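No experiment lies behind these values; they were computed from the predicted model shown. Lettering follows sequence order; numbering is per chain, from 1.
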Protein chains: 2
Amino acid sequence: MKEKNLLAELAAYLFSNSDKESGRTPSERELAEHFGVSRGQIREALAILEAMRIVERRAKSGIYIDTKQASVEALALFARAGLPLDPVQIYETVELRKIHEIKAAELACSRATEENFERLREILKASEERIAAGEGLAKEDREFHLEIVRATKNSVFHNICSVYYLMGEQRLPIYFNDPERSVRSHAEHIQIYEALLRRDGNLAQALMNAHLQGAESYWKGIIEGRGKEPKSAALEKA
Amino acid sequence: MKEKNLLAELAAYLFSNSDKESGRTPSERELAEHFGVSRGQIREALAILEAMRIVERRAKSGIYIDTKQASVEALALFARAGLPLDPVQIYETVELRKIHEIKAAELACSRATEENFERLREILKASEERIAAGEGLAKEDREFHLEIVRATKNSVFHNICSVYYLMGEQRLPIYFNDPERSVRSHAEHIQIYEALLRRDGNLAQALMNAHLQGAESYWKGIIEGRGKEPKSAALEKA
DNA sequence: TCCTCCAAACTGGTTCGACCAATTGGGCCT
DNA sequence: AGGCCCAATTGGTCGAACCAGTTTGGAGGA
């Protein structure tokens, strides 16, 4: 499995070629033929999918897909594969992200080092340039938020949170399609940065809360179908 | 890979048979011979370990282990395999757990349904019986906390938190070896339950915070080597 | 027509052996 | 002593084969 694309493609294929009732998917041999690889490759990918709780392999019976139990890493995989995630799961993730990042902002206040501030400044500078160029944020937004989590000096925390951004990787550019959104986000980032610099935990927390509120309502809107997502070439299948 | 033990055993073997400098482990062929299974099996397990970021497979070079980047699921796997986790990572996980569960208690206050309360009552009853029998909690403690997370009705939240308990699976019985600890925990569980029942978010949060404080200091103590863990047959290698 | 039951086809689990090409390390030559 | 080259090693991949339960479809009976 050198190309990790196989994993995502396989997940996608399993998802759309499974029995709606039982969740039963094509057999390993069929999958191998369809992807033009050996059964061994398929089995390796299935092992990972099973570890992610996306799939269950029942001996001598078949492969069954069930995304309800999927791990967070699995959700990220699905998101990157452009698969239609359960809107409920997306929203749940957004809720979690909020919990994590607000607390991260507070912790970062007492633990951030000069190195972190340096990185944040670099990111903010890059953001400014991008906005000046009339482009949307996305990469910079992701890096800003992750740097704050990194500033908590809790690597497990960082591991968990980085998954959120893996999940949103494809949709973030769409979110920031609206230039006004980029500008506002950038302004809020600066406020948060300054709060961190002043080591004002309560303020940082409050600012982060307000900052994430926007994203939350955005997602809520999409999930409830109130607002349609703008089209994007990267998401033609979504 | 029908026996998921192979995964844990392989992880353990890789961990103790890797080069301290480079992290290079024995080759697939050697591993296959050592475990008495085919290379295919080993490769399947390695694929999972690689997805968990425990291991990196470099084509035509070798397999390299690096637990610093490991995912949370990987930490759980290591813990269950009785492997010596990085104390720092353990502590970081405890910190995260606290963040999660305090917030979970608050959310549960507004979202818990009668079904959740029913389960909590059952668990508390089981706890009482276990204490009356002079036994330590552990399973009941785990279930109590997980039920609260479940009461948030956020399944992703639940997915993440269940990993913590997978991690602590082996050590919880040791923690509750001290009968006094079981009794105190149970009493605190009851308080928390009552706060949830009254839908008092602030109180539930505060109680959960205090409740987890004990566990935090316990782990901190072990990590800093101040307190030694009591011996346990299940942990002779730890 | 419908139900029962059995055998054949299918399925995941596992092994073996083989080939490829990049990496690596040690021995040889300078 | 230093540098170069080749051969062994290694992960990546494939295909064929066997096993033992599971499914399933059709034959045969009610």
Take the protein atom [atom1] of [X] and the nucleotide atom [atom2] of [N], then report the distance between them rounded to whole Å.
X: A:Phe35; N: D:dT13; atom1: CZ; atom2: P; answer: 15 Å
X: B:Ile42; N: C:dG13; atom1: CD1; atom2: P; answer: 16 Å
X: B:Leu46; N: D:dT13; atom1: CG; atom2: P; answer: 13 Å
X: B:Glu44; N: D:dT13; atom1: CD; atom2: P; answer: 14 Å
X: A:Arg43; N: C:dT15; atom1: CZ; atom2: C1'; answer: 12 Å

Going by an N to O cut-off under 4.0 Å, is there a salt bridge joining A:Glu44 and B:Arg57? yes

Phosphate OP1/OP2 of C:dG13: any B:Gln41 side-chain N/O under 4.0 Å: no

List in chain and number order the residues that pass side chain to side chain donor-acceptor pair (under 3.5 Å) with [X], two or more places apart in sequence or in another chain; answer none if no residue qualifies.
X: B:Asp19; result: B:Ser22
X: B:Lys98; result: B:Gln213, B:Glu216
X: A:Arg119; result: A:Glu122
X: A:Ser27; result: A:Glu30

Decide if the gap between the ring center of A:Tyr164 and the ring center of A:His100 is smaller than 6.0 angstrom.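 Between A:His100 and A:Tyr164, which both carry aromatic rings, the centre distance is below 6.0 Å.
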
Any residue meeting side-chain contact (heavy atoms from CB on, under 4.5 Å) with [X], in chain and number order, not counting sequence neighbours:
X: B:Ala70; result: B:Ile54, B:Ala74, B:Leu75
X: B:Glu92; result: A:Asn154, A:Ser155, A:Val156, B:Val88, B:Gln89
X: A:Thr113; result: A:Glu115, A:Asn116, A:Lys153
X: B:Lys60; result: none

Taking ring pair (Phe, Tyr, Trp, His ring centres under 6.0 Å) as the test, write out the residues that go with A:Phe35, two or more places apart.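 With sequence neighbours excluded, A:Phe35 shows a ring pair (Phe, Tyr, Trp, His ring centres under 6.0 Å) to A:Tyr13, given in chain and number order.
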
Write down the protein N/O and nucleotide N/O pairs, taken from nucleotides 16-18 of chain D, whose separation is under 3.5 Å; answer none if there are no such pairs.
unit_1, atom_1, unit_2, atom_2, d
D:dA17, N6, A:Arg39, NH1, 3.4

Name the residue closer to the 5' end of DNA chain D, choosing between B:Glu30 and A:Val37 according to the nucleotide with the nearest heavy atom. B:Glu30

Heavy-atom contacts under 4.0 Å between residues 15-22 of chain A and DNA chain C, which residues?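 Heavy-atom cutoff 4.0 Å gives no residues at all.
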
Using nucleotides 23-27 of chain C, report all nitrogen or oxygen pairs with the protein that are shorter than 3.5 Å.
unit_1, atom_1, unit_2, atom_2, d
C:dT23, O4', B:Lys60, O, 3.4
C:dT24, OP1, B:Ser61, OG, 3.4

Choosing from C:dT14, C:dG12, D:dG12, which nucleotide comes nearest the side chain of B:Arg57?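 Shortest atom-to-atom distance from the side chain points to D:dG12.
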
Nearest to the side chain of A:Ser38, which nucleotide is it out of D:dT13, C:dT15, C:dG13? D:dT13

Using a heavy-atom cut-off of 4.0 Å across all strands, would you classify B:Gly62 as base, sugar-phosphate, or nothing?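 Sugar-phosphate: the residue B:Gly62, judged by heavy atoms under 4.0 Å, touches backbone atoms but no base.
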
